[in-house]
2 protein chains.
Amino acid sequence: MQPRIRENYVKAIYKLCQKNKEGAYTNDIALALQVKAGTVSESLKKLSEEGFIVYYKHRAVKLSAKGQQLALRIIRRHRLWEVFLVEKLGFGWDEIHPMAEELEHIDFDQLTDRLDVFLDKPSVDPHGDPIPDKNGKLSKVNYRNLTACSLHEYVSMVGIENHQPSFLQLLDQLGLRLGTKLLIKEIIPFDGSMLVKIGKKEFYLSKTVSENILVGPHKE
Amino acid sequence: MQPRIRENYVKAIYKLCQKNKEGAYTNDIALALQVKAGTVSESLKKLSEEGFIVYYKHRAVKLSAKGQQLALRIIRRHRLWEVFLVEKLGFGWDEIHPMAEELEHIDFDQLTDRLDVFLDKPSVDPHGDPIPDKNGKLSKVNYRNLTACSLHEYVSMVGIENHQPSFLQLLDQLGLRLGTKLLIKEIIPFDGSMLVKIGKKEFYLSKTVSENILVGPHKE
DNA sequence: ATTTAATTTTAGGTAAACCTAAATATTTTA
DNA sequence: TAAAATATTTAGGTTTACCTAAAATTAAAT
């Protein structure tokens, strides 16, 4: 199996496993990779023979230890390149995904590790997602969903749950970036929206928006 | 035809055309890409249909305008990434080729152009090879072969004609890098070797070595 | 507990990039 | 300039990743 294709399967399975504890379903993998279910079935057999997944016919698949290792290597590369693109080249966080999607497949340990050092060993990418270290270890970010916060809480944005450019652009408009502090001024029971103070301005955030915002205690 | 494969053919043809004015021969392309001649024949037909080459059966091929444009885009990306790897990540000039060989295929104009700016629009790569600009224009480097220099000339290294790691490592040992000044102290007629002064030391360079060194007038 | 619905797998096919080896061109040499 | 040597192309095959559609399995609903 071609490395790039293998990597895309492993990455897709990794992400699906984070949602469904059961594992990744054939159809969902097919959707993620934009291929047909039959193709996925074939590929799963090969990935299984290669030892990257644990696979029983008609069951959701999981990554083996070897598969997880690979997934974390890809994610590490993806997120490091994202930091590079934003910090060094000045791209917006809404523009970088497609480029990182290519760069993540470039597989030279030296390159990844030196990039890491060059970027000052960042712990999170521009979206707040943690970057696995050289050994595949993921630091845990302390976060809650914004909708889980109470009135008058003063919190700091640490991540997001939606990476669509349109969502990222909305956050830009609101002045919401990683580390931005926000105060919950009001919670509207009717539609779950909330009034928040960001910097000097106040905005209503729809429930759909706040559901996709992750916050943590803001350290001063 | 898959972009990566097309790019590798176009690049190989570009390089072969620089040596043979006639064009690139099937067998040489096959050698460069490590495939069989029959495969090359097939591919040439496709590249021709796609308009990247000018091809008549049993004749050496040349790049069309479109093909040259593509070649220069790839070379631009390759050389910019090489600068990045050396200047920013601290790799040696003997280590970077394989990585640049992958990075060169990542095709986002914005990425290339921002990388260019980030690196201060370099005009040459770490080996002294010129970097095409955004429009595919190649600046000409003023150079002569070291073997063409006369006794007592004082010149500056501006490039090399051999990119093998072992050659680059030898130059490192001699303290020869881009911009290094060298004085020709003696020319040995017997074997064409020469005694040169590099910094404070003197070395004999075999003809094979000096043949691969390009020098220019050293500007102070 | 069947039947129905949904999901997954299998079977048979296609296209791209490779291969080998035979056939055809071209070039070189005698 | 004809034969020999070299280079290129063509013809027929293989493999991989994809496809469609039928068959099989599992899950859901009556």
Side-chain angles (χ1 to χ4, degrees), chain A residues 1-13 15-17 19-64 67 70 74 101-102 104-105 107, chain B residues 1-13 15-17 19-64 67 70 74 101-102 104-105 107:
Chain A
M1 189 171 222
Q2 231 174 318
R4 171 171 298 245
I5 290 171
R6 175 176 34 239
E7 289 178 6
N8 284 333
Y9 273 97
V10 166
K11 191 171 47 133
I13 293 166
K15 285 186 179 165
L16 289 168
C17 284
K19 293 183 196 152
N20 288 329
K21 290 228 64 172
E22 307 294 316
Y25 294 104
T26 302
N27 269 342
D28 294 337
I29 298 169
L31 191 73
L33 298 181
Q34 289 290 287
V35 297
K36 302 299 169 184
T39 304
V40 173
S41 266
E42 270 182 51
S43 303
L44 291 182
K45 209 183 326 178
K46 286 177 203 158
L47 285 167
S48 174
E49 281 161 9
E50 294 178 339
F52 291 99
I53 61 173
V54 179
Y55 173 50
Y56 304 99
K57 274 184 194 171
H58 297 281
R59 295 265 100 86
V61 296
K62 285 182 180 169
L63 292 177
S64 66
L70 178 57
I74 303 162
E101 207 71 1
E102 298 293 320
E104 73 186 4
H105 296 293
D107 182 18
Chain B
M1 188 171 219
Q2 229 174 316
R4 169 171 300 244
I5 289 171
R6 182 187 16 249
E7 290 179 6
N8 284 334
Y9 273 95
V10 166
K11 189 171 48 131
I13 293 166
K15 286 188 180 166
L16 289 167
C17 286
K19 293 183 198 154
N20 288 329
K21 290 228 67 171
E22 307 293 316
Y25 295 103
T26 302
N27 270 340
D28 295 336
I29 299 169
L31 191 72
L33 298 180
Q34 290 289 288
V35 297
K36 302 299 168 186
T39 305
V40 173
S41 267
E42 270 182 51
S43 303
L44 292 182
K45 209 182 328 177
K46 285 178 204 158
L47 285 167
S48 174
E49 282 162 8
E50 294 179 338
F52 290 100
I53 61 174
V54 179
Y55 173 51
Y56 304 100
K57 274 185 194 170
H58 296 280
R59 298 263 101 85
V61 296
K62 285 184 180 168
L63 291 177
S64 66
L70 178 56
I74 302 162
E101 207 70 3
E102 299 293 319
E104 72 186 4
H105 296 293
D107 181 18

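Just so we're on the same page: letters track the sequence lines, and every chain starts at 1. It should be emphasised that the depicted structure is a prediction, and the values quoted were computed from it without experimental measurement. What's counted below: heavy atoms across the whole structure, side chains too, no hydrogens, waters or symmetry copies.
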*Using a cut-off of 4.0 Å on non-hydrogen atoms, how would the nucleic acid contact of A:Y55 be classed: base, sugar-phosphate, or nothing?*
sugar-phosphate

_Classify B:S41 by what it touches in the nucleic acid, base, sugar-phosphate, or nothing, heavy-atom distance under 4.0 Å._
base

Rounded to the nearest angstrom, tell me the gap between atom [atom1] in [X] and atom [atom2] in [N].
X: B:E22; N: D:dT8; atom1: CD; atom2: P; result: 13 Å
X: A:Y25; N: C:dA6; atom1: OH; atom2: C1'; result: 13 Å
X: A:K45; N: C:dT8; atom1: NZ; atom2: P; result: 16 Å
X: B:L16; N: D:dT8; atom1: CG; atom2: P; result: 11 Å
X: A:L33; N: D:dA17; atom1: CG; atom2: P; result: 13 Å
X: B:L44; N: D:dT9; atom1: CG; atom2: C1'; result: 10 Å
X: B:L47; N: D:dT9; atom1: CG; atom2: P; result: 12 Å
X: A:R4; N: D:dT16; atom1: CZ; atom2: P; result: 19 Å

*In a check of side-chain hydrogen bond (donor to acceptor under 3.5 Å, both in side chains) between A:H105 and each of A:K11, A:E7, A:R4, which one passes?*
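That would be A:E7; it is the only one of A:K11, A:E7, A:R4 passing the side-chain hydrogen bond (donor to acceptor under 3.5 Å, both in side chains) with A:H105.
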
*Where do A:A12 and A:A32 come nearest, in terms of heavy atoms and distance?*
CB-CB, 4.3 Å

*Nearest atoms (heavy-atom pairs only) where A:T26 meets A:A37*: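 Here A:T26 and A:A37 meet closest at CG2-O, 3.7 Å.
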
_Flag if over 12 foreign heavy atoms under 6.0 Å of CD, A:E50_ = yes

Side-chain heavy-atom pair [X], [Y] within 4.5 angstrom cut-off:
X: A:L70; Y: A:R6; result: yes
X: B:V61; Y: B:L47; result: no
X: B:I53; Y: B:L44; result: yes

*What residue pairs, at least two apart or across chains, pass side-chain hydrogen bond (donor to acceptor under 3.5 Å, both in side chains) with a residue in residues 30-47 of chain B?*
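Sorted result for residues 30-47 of chain B: B:Y9-B:S43.
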
Sort me out a list of protein N/O and nucleotides 18-23 of chain D N/O pairs below 3.5 Å, or just none if empty.
{"residue": "D:dC18", "atom": "N4", "partner": "A:E42", "partner atom": "OE1", "Å": "3.3"}
{"residue": "D:dC18", "atom": "N4", "partner": "A:E42", "partner atom": "OE2", "Å": "2.7"}
{"residue": "D:dC19", "atom": "OP2", "partner": "A:K36", "partner atom": "N", "Å": "2.8"}
{"residue": "D:dC19", "atom": "OP2", "partner": "A:T39", "partner atom": "OG1", "Å": "2.6"}
{"residue": "D:dC19", "atom": "N4", "partner": "A:E42", "partner atom": "OE2", "Å": "3.1"}

Please list, for nucleotides 24-28 of chain C, all pairs of protein and nucleotide N/O atoms separated by less than 3.5 Å.
{"residue": "C:dA25", "atom": "O4'", "partner": "B:H58", "partner atom": "NE2", "Å": "3.4"}

_Check whether A:S64 reaches the backbone of A:F52 with its side chain - one donor and one acceptor, N or O, closer than 3.5 Å._
yes

*Counting only side-chain N and O atoms of A:N27, is one of them less than 4.0 Å from OP1 or OP2 of C:dT8?*
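For C:dT8, OP1 or OP2 has a side-chain N or O of A:N27 closer than 4.0 Å.
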
